[in-house]
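Index from 1, following the sequence.
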Amino acid sequence: MPHPGEADALSPPPLRIRLATATRRARAEARAALPAALAFGLVHGAVVGLLTVLALHRREVAFGERAEAVIVTLALGAMIGGFLAWIAAAALAVHRPATARFAAMLVALAAGTAGGPAVIAFVRFRAYFAEFHEPFPHPLWLLQTIATFIHSTLLLVAAGLPLLMPLGLVPLLVGAFVFSRRR
């Protein structure tokens with residue numbers, strides 16, 4: 001019987017040591033995935049931009065300043081989201097079975113493809129409405145910022161989601177498949 005304070009040779013290491021080891025490993029995997037993530041983000045953003053252009057063309061929308069803003073927002077947001085999704089999936093699931101890698105990338109890519117454009121739309125809306133908002137430390141500023149975020153996200157969902165569906169599922173599934181086959 002071990003003395004108090006002595007670790008049993010068969011017992012697992014303490015939780016903080018396991019967490020520290022897992023965190024170091026995830027950080028190393030994320031760092032190693034940076035070149036592939038950059039390439040994937042560029043391709044994913046270009047594909048989403050192309051799908052947006054095709055959807056606008058199919059709907060016979062005139063390509064003016066507003067259409068360009070939608071295309072740039074969706075493409076740039078998807079590029080950032082694809083980059084971050086690859087890194088997140090690599091950090092969390094790179095040593096897991098192919099099905100787990102597929103699922104991790106699919107969830108991360110769906111969140112990134114939606115979240116990237118949402119953040120870009122929010123920043124644009126926030127810049128537009130900044131002159132009408134209270135200064136930063138004011139409590140009303142927080143409510144105005146939250147309302148701006150909700151408004152920009154809802155507008156993006158209402159305007160952007162129909163442009164990407166159902167063909168927008170293809171880059172998500174292909175991206176998850178490519179990631180799951182990666183070693």
Verdict with reasoning, His133 to Thr148, per side chain to side chain contact (heavy atoms under 4.5 Å, CB included): CA-CA 10 Å; His133 287 190; Thr148 302; 3.1 Å; yes
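- When side chains are defined from C-beta on, Met79 counts as touching Leu76, because their heavy atoms get closer than 4.5 Å.
- Looking at Arg25 and His95, their side chains never bring a donor and an acceptor atom within 3.5 Å of each other.
- A tilted orientation is assigned to the rings of Phe129 and Phe125, their planes being inclined by 30° to 60°.
- Rounding to the nearest 0.5 Å gives a distance of 4.0 Å between CG of Leu109 and NE2 of His44.
- Hydrophobic cluster membership differs between Leu42 and Val48, with clusters built from Ile, Leu, Val, Met, Phe, Trp and Tyr side chains linked at under 4.5 angstrom.
- Under the 4.5 Å side-chain criterion, counting only non-hydrogen atoms from C-beta, Trp86 is not in contact with Leu34.
- The hydrophobic cluster containing Val72 does not contain Val119, counting ILVMFWY residues as joined when their side-chain heavy atoms lie under 4.5 angstrom apart, directly or transitively.
- Counting heavy atoms from C-beta on, the side chains of Leu143 and Leu140 come closer than 4.5 Å.
- For NE2 of His138, the number of neighbouring non-hydrogen atoms (other residues, nucleotides, ligands) closer than 6.0 Å is greater than 12.
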Identify all side-chain donor-acceptor contacts of residues 162-175 below 3.5 Å with residues at least two apart in sequence or on another chain.
none

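- Taken from OG1 in Thr52 to CD in Glu68, the straight-line distance is 13.0 Å, to the nearest 0.5 Å.
- Panel note: side chain Glu134, backbone Pro139; no donor-acceptor pair is recorded below 3.5 Å.
- Side-chain contact between Ile120 and Arg124: present, with at least one pair of heavy atoms (C-beta onward) separated by less than 4.5 Å.
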Residue pair Phe102, Phe179: steps toward the side chain to side chain contact (heavy atoms under 4.5 Å, CB included) verdict: CA-CA 7 Å; Phe102 181 87; Phe179 181 81; over 6 Å; no
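- Counting all heavy atoms, side chain and backbone alike, Ala176 lies closest to Leu106 at CB-N, 3.8 Å.
- Heavy atoms from other residues, nucleotides or ligands lying under 6.0 Å from CZ of Phe63 number more than 12.
- Minimum heavy-atom separation, Ala33 to Ala90: CB-CB, 3.6 Å.
- If you take CZ on Arg126 and OG1 on Thr145, they are separated by 4.0 Å, rounding to the nearest 0.5 Å.
- Clustering ILVMFWY residues whenever any of their side-chain heavy atoms sit less than 4.5 angstrom apart, transitively, puts Leu38 in a cluster other than the one holding Val43.
- Contact detail for Ala93 and Ala104: the closest heavy-atom pair is CB-CB, 3.7 Å.
- Grouping the Ile, Leu, Val, Met, Phe, Trp and Tyr side chains by contacts below 4.5 angstrom, directly or via other members, places Val53 with Val47.
- How far CG of Leu74 is from OG1 of Thr113: 10.0 Å, rounded to the nearest 0.5 Å.
- Remark: the backbone N or O of Phe149 is paired with a side-chain donor or acceptor of Ser152 at under 3.5 angstrom.
- Atom CZ in Arg58 sits 9.0 Å away from atom CG in Leu51 (nearest 0.5 Å).
- Residues Phe122 and Thr153 form no side-chain contact, since every pair of their non-hydrogen atoms from C-beta on lies 4.5 Å or further apart.
- Between the Arg101 side chain and the Arg96 main chain, a donor and an acceptor come within less than 3.5 Å of each other.
- Under the 4.5 Å side-chain contact rule for hydrophobic residues, Phe83 and Val123 do not share a cluster.
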